[in-house]
Amino acid sequence: MLPHFLWEDFLGVLAELRQSGYDFSPEWYAAQLEFRFPAFGHVHHGGVALELRQALEPWHVLGEEGSAGGTVRYVDSSVERLQIKATGFVEGRHVVTCNGRRMPMTETGRSGEAVAAVRFKAWQPASGLHPTIPVHAPLTFDLIDTWNGRSLGGFVYHVAHPGGRSYETKPVNSYEAEARRLARFQDHGHTPGRSIRRRKNAQLNSR
């Protein structure tokens, strides 16, 4: 589900094709990777770089329900998944949290690099699999230095425009679409204080 692992699997497929005489270059597909898994933003704190990127999340088709026009089957698109990647991450010292919950950072095989995913309720539909679970957004990410018990910094991710703006038209081009996406990322707003005690029911997955 995470772009990091999907890309690693894809590189393995290309390696097998090259062994069979089909020389496909990974650079040919870099644009597709960025299009399908766009990056929302990057921050650097205490020698650690954090990147937030879109991940895959399957949407479930619900059962049949009656409506004025007949029978309908809604799709529960209220759950989303994001990937956070840390570079310069020191296991045993650094901890990444989302809304106060520790994220299960998984090493990628590269020194100082780890990734994790956060699966969360983005909005509240009229019909959904989990009607009693509230919306978790906005998401506040913190980089915790356990040696001094403080947050080195972080960022905030909003599902919609943080100012409450509702767009009435579609983006005129890819640049406006990118600007709308980047407006939902704030490179500030970490949790102050010596320790993180807040808890929210965000569902955290390592992959």
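Please read these numbers as outputs of a predicted model, since none were measured by experiment. Both backbone and side-chain heavy atoms feed into the values below; hydrogens, waters and symmetry mates do not.
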Would a hydrophobic clustering, with Ile, Leu, Val, Met, Phe, Trp and Tyr connected at side-chain separations under 4.5 Å, put [X] with [Y]?
X: Met105; Y: Val90; answer: no
X: Val75; Y: Val72; answer: no
X: Leu182; Y: Tyr175; answer: no
X: Trp123; Y: Phe185; answer: no
X: Phe35; Y: Tyr29; answer: no

Ignoring hydrogens, what is the shortest heavy-atom contact between [X] and [Y]? Give both atom names and the distance.
X: His158; Y: Pro138; answer: ND1-CB, 3.6 Å
X: Val159; Y: Glu80; answer: CG1-OE2, 4.3 Å
X: Phe37; Y: Ala55; answer: CD2-CA, 4.2 Å
X: Asp23; Y: Arg18; answer: OD1-CD, 3.3 Å
X: Gly88; Y: Val48; answer: O-CG2, 3.4 Å
X: Gly154; Y: His190; answer: N-CB, 3.5 Å

Please check: side-chain N/O of [X] versus main-chain N/O of [Y], any donor-acceptor pairing under 3.5 Å?
X: His136; Y: Phe120; answer: no
X: Lys170; Y: Ala177; answer: no
X: Asp142; Y: Ile144; answer: no
X: Glu178; Y: Ser174; answer: no
X: Thr146; Y: Arg93; answer: yes
X: Trp59; Y: Val79; answer: yes
X: Asn173; Y: Glu176; answer: yes

Query raised in the report: In this structure, are over 12 heavy atoms from other groups packed under 6.0 Å from Trp147 atom CH2?
Result: no
Query raised in the report: Got a sec: does the CD of Gln32 have more than 12 other heavy atoms crowding it under 6.0 Å?
Result: yes
**Report entry** Worked check of side-chain contact (heavy atoms from CB on, under 4.5 Å) between Tyr74 and Glu65
**Finding:** CA-CA 8 Å; Tyr74 292 100; Glu65 298 183 28; 3.6 Å; yes
Query raised in the report: So Arg181 and Glu34, salt bridge (Lys or Arg N to Asp or Glu O under 4.0 Å) or not? Walk me through it.
Result: CA-CA 13 Å; Arg181 183 176 69 248; Glu34 292 297 327; over 6 Å; no
Tell me, do [X] and [Y] make a side-chain contact under 4.5 Å, heavy atoms counted?
X: Ser78; Y: Gln124; answer: no
X: Val61; Y: Arg73; answer: yes
X: Leu139; Y: Leu82; answer: yes
X: Val95; Y: Leu143; answer: no
X: Asp76; Y: Pro125; answer: yes

Looking at [atom1] of [X] and [atom2] of [Y], how far apart are the two atoms once the value is rounded to the nearest 0.5 Å?
X: Thr106; Y: Glu91; atom1: OG1; atom2: CD; value: 9.5 Å
X: Met103; Y: Cys98; atom1: CE; atom2: SG; value: 6.0 Å
X: Thr87; Y: Leu50; atom1: OG1; atom2: CG; value: 8.5 Å

State, without any angle test, whether [X] and [Y] hold a side-chain donor-acceptor pair at a distance under 3.5 Å.
X: Lys85; Y: His4; value: yes
X: Arg184; Y: Tyr157; value: yes
X: Glu113; Y: Thr108; value: yes

Query raised in the report: Between Met1 and Arg81, is a side-chain contact (heavy atoms from CB on, under 4.5 Å) present by the stated rule, with each step listed?
Result: CA-CA 8 Å; Met1 295 298 179; Arg81 192 187 304 245; 3.9 Å; yes
Report task. Evaluate the criterion side-chain contact (heavy atoms from CB on, under 4.5 Å) for residue pair Phe141 and Val43; output intermediate values, then yes/no. Result -> CA-CA 11 Å; Phe141 293 85; Val43 295; over 6 Å; no
Query - Ion pair check, Arg119 and Glu57, cut-off under 4.0 Å - result: yes
**Report entry** Charged N-O contact under 4.0 Å between Glu51 and Arg53
**Finding:** yes
Requested in this report: Name the orientation class of the two ring planes belonging to Tyr167 and His161 (parallel below 30°, tilted from 30 to 60°, perpendicular beyond 60°).
Outcome: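 Taking His161 first and then Tyr167, their aromatic rings stand perpendicular (interplane angle over 60°).
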Requested in this report: Carefully, step by step, assess Phe155 and Ile84 under the rule side-chain contact (heavy atoms from CB on, under 4.5 Å).
Outcome: CA-CA 11 Å; Phe155 56 88; Ile84 183 168; 3.9 Å; yes
